[in-house]
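Just follow the structure's listing: the first ligand is 1, and inside any ligand the first atom is 1. As a basis for the values below, the full set of heavy atoms in this structure was taken, side chains included, without hydrogen atoms, waters or symmetry mates.
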Amino acid sequence: MSNNNQNNRTIKELKQQLYKEVELKSQIIVHGIKVNPTIFKHLELGEKVQEQIHGLFEMDHKEHAGVAFPCSFTSPSGINYSFTWDPDSDITIDYVENQYILYDRGEEKFPITFTERPKYYKLLTSDQVEMSHVASFNPTKTVGVAYSNECALKDKGLDCLFCNANATKNTYADIENIKWKNPKQIAETVKAAYELDGGLHVNITGGFIPERREVDYYIDVAEAIQEELGQKDFNGTAVIGAPEDLSVIDKYKEAGYRTLAIQIEIWDKNIFKTICPGKEKECGGWQHWVDALEYAVKVFGFGKVRTGFVAGIEPKEKTLEGVEYLAKRGILSLTNAWNPNPGSKLEGHRTPSPEWHFDLAKKTYAIFKQVGFTYEQYFDVSPSADFLVHDLYRIDEERLPIY
Ligand code: SF4
């Protein structure tokens, strides 16, 4: 057998092994991880290792006010995992002979490495706010800004049923000192994250603000970042609600955002009405969200607009119908698993099985490849690059460190 044939076989086997790992990752996403929090005493959490900070959503399956957890870890192959705590999970992490090991129902899987704390986390903005509380950092080199930590839809009893932004604020805002962020704080933090930690993309989001004045705020943020970085294109995604007047979308492009996100959440019109009552009643209804996405792609271009689905609330076929419809028009979709967050109206419900979500990820990926979306386009529109679909790109295109 020639060396080439041998190499091809090895790569094929490696890919099979990595796909298996992504199946396990889907289990971890759905079931979370059980740990005894005392095992983290060896980690120097909040000094050497990155700690969770609850800027907008609690994603652990139970609230844990006052108990620190790490954010994320990587496997030996370089696949990134969020740490999601679930005290009832069969997947566990233990500290054994100076290393952390992941187990699935008692079977050892692999040693893991928790994410180092970003360098900028220890800095303060010029008005003395901790940068770690202004923007979070994902090891896939993405910076996440939640400029507000509440949603005005709650005042009318119209917040989305899967969302726990307001509940997260009630539980964590005081003890973790989470506040609204001003454009200068954001700009200084983005600069530090780009320069000290190699940040490559910033995703700016938040709940609805009263009277929908978000466009002025987003323009101020873009100007402040451009001034701080000394460059017009800062690879920013503005995450917005569908504006009543669609021509407002042009202003985000003019302001310098490279990409735009408008989260439709649900493709079935009737389920959308029930699950997203505020998006239905305050923003022109489901059709207006679709119109906004189609308008946005004309302004921003193919592969520069995204939406997101809370995958698992509606039938898979419906979500895929939406993914395909939008992809054919140049719009990317996030299809990561619905996590029935604590404090949301759907707390206590169950998301579909890990196999269901893995299958959705594979089908989403196949649609993306068919229309020609690149990994770079998907990276630029995503809040972080650690979803199952990113992993499928990274395996298929041999982008993981293990290759
Ligand atoms: S619009 Fe919906 S998902 Fe977004 S913050 Fe408000 S309630 Fe949550």
Side-chain angles (χ1 to χ4, degrees), residues 53-60 63 135-136 144-173 178-181 203-215 217-218 221 237-244 248-249 252 260-290 292-293 296 305-314 319 322 333-347 349 351 381-384 387:
I53 296 170
H54 297 85
L56 191 57
F57 303 120
E58 165 64 284
M59 301 298 284
D60 293 300
E63 289 173 342
S136 62
V145 177
Y147 63 82
S148 74
N149 61 331
E150 59 192 332
C151 181
L153 289 177
K154 184 171 193 301
D155 302 339
K156 298 179 177 168
L158 294 176
D159 38 354
C160 305
L161 271 59
F162 53 82
C163 179
N164 68 346
N166 290 304
T168 302
K169 180 184 176 210
N170 293 342
T171 307
Y172 295 100
I178 309 288
K179 302 208 164 75
W180 280 53
K181 290 92 187 173
N203 186 75
I204 302 169
T205 189
F208 273 37
I209 54 178
E211 296 161 38
R212 305 291 313 278
R213 283 176 283 103
E214 61 198 15
V215 66
Y217 183 83
Y218 272 98
V221 170
T237 303
V239 186
I240 64 165
E244 199 180 318
V248 166
I249 286 172
Y252 291 92
L260 193 75
I262 302 173
Q263 296 282 106
I264 194 165
E265 324 286 8
I266 300 283
W267 193 248
D268 183 293
K269 290 176 201 174
N270 291 316
I271 300 176
F272 178 86
K273 278 186 198 158
T274 301
I275 299 293
C276 307
K279 294 191 176 195
E280 172 72 18
K281 292 200 178 108
E282 303 284 306
C283 312
W286 181 89
Q287 186 59 51
H288 187 66
W289 286 75
V290 178
L293 284 161
V305 175
R306 74 129 145 116
T307 194
F309 291 101
V310 190
I313 290 183
E314 64 184 343
T319 304
S333 296
L334 306 178
T335 53
N336 38 312
W338 164 43
N339 191 41
N341 285 339
S344 70
K345 293 193 176 111
L346 296 178
E347 177 177 1
H349 286 237
T351 198
V381 297
S382 300
S384 59
F387 301 145

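The shell of residues lying under 4.0 angstrom from ligand 1, judged by heavy atoms, includes K279.
Nearest heavy atom pair, residue F208 against residue C151, reads N-SG, 3.4 Å. Residue I262 comes nearest to W289 through the heavy atom pair CG2-CE3, 3.4 Å, listed as atom of the first residue, atom of the second, then distance. Looking at every heavy atom in both residues, I264 comes nearest to F309 through CG2-CE2, 3.7 Å. A pairwise comparison of heavy atoms in I275 and F162 identifies CG2-CD2, 3.6 Å as the closest pair.
Each of the atoms 3 (S), 5 (S), 7 (S), 8 (Fe) of ligand 1 lies under 4.0 Å from some heavy atom of C163. Which parts of ligand 1 touch F208 is read off a 4.0 Å heavy-atom cut-off, strictly below it: atoms 1 (S). For ligand 1, the atoms closer than 4.0 angstrom to any heavy atom of G207 are 5 (S). Near L153, meaning under 4.0 Å from one of its heavy atoms, ligand 1 places the atoms 1 (S), 6 (Fe).
The distance from atom 8 (Fe) of ligand 1 to the nearest N/O/S atom of C151 is not under 2.8 Å.
Checked by atom type and distance alone, the side chain of H288 pairs as donor or acceptor with a backbone atom of P243 at under 3.5 Å.
Heavy atoms of K154 found under 4.0 angstrom from ligand 1: none, in either backbone or side chain. For D159, heavy-atom contacts with ligand 1 shorter than 4.0 Å involve the backbone as well as the side chain.
In this structure, atom 8 (Fe) of ligand 1 has protein heavy atoms in its sub-4.0 angstrom surroundings.
Atom 2 (Fe) of ligand 1 has C160 SG, 2.4 Å as its closest protein atom, hydrogens excluded (heavy atom only).
Counting only heavy atoms from C-beta outward, the side chains of Q263 and R306 approach each other to under 4.5 Å.
Around NZ of K154, the count of heavy atoms belonging to other residues, nucleotides or ligands within 6.0 Å does not exceed 12.
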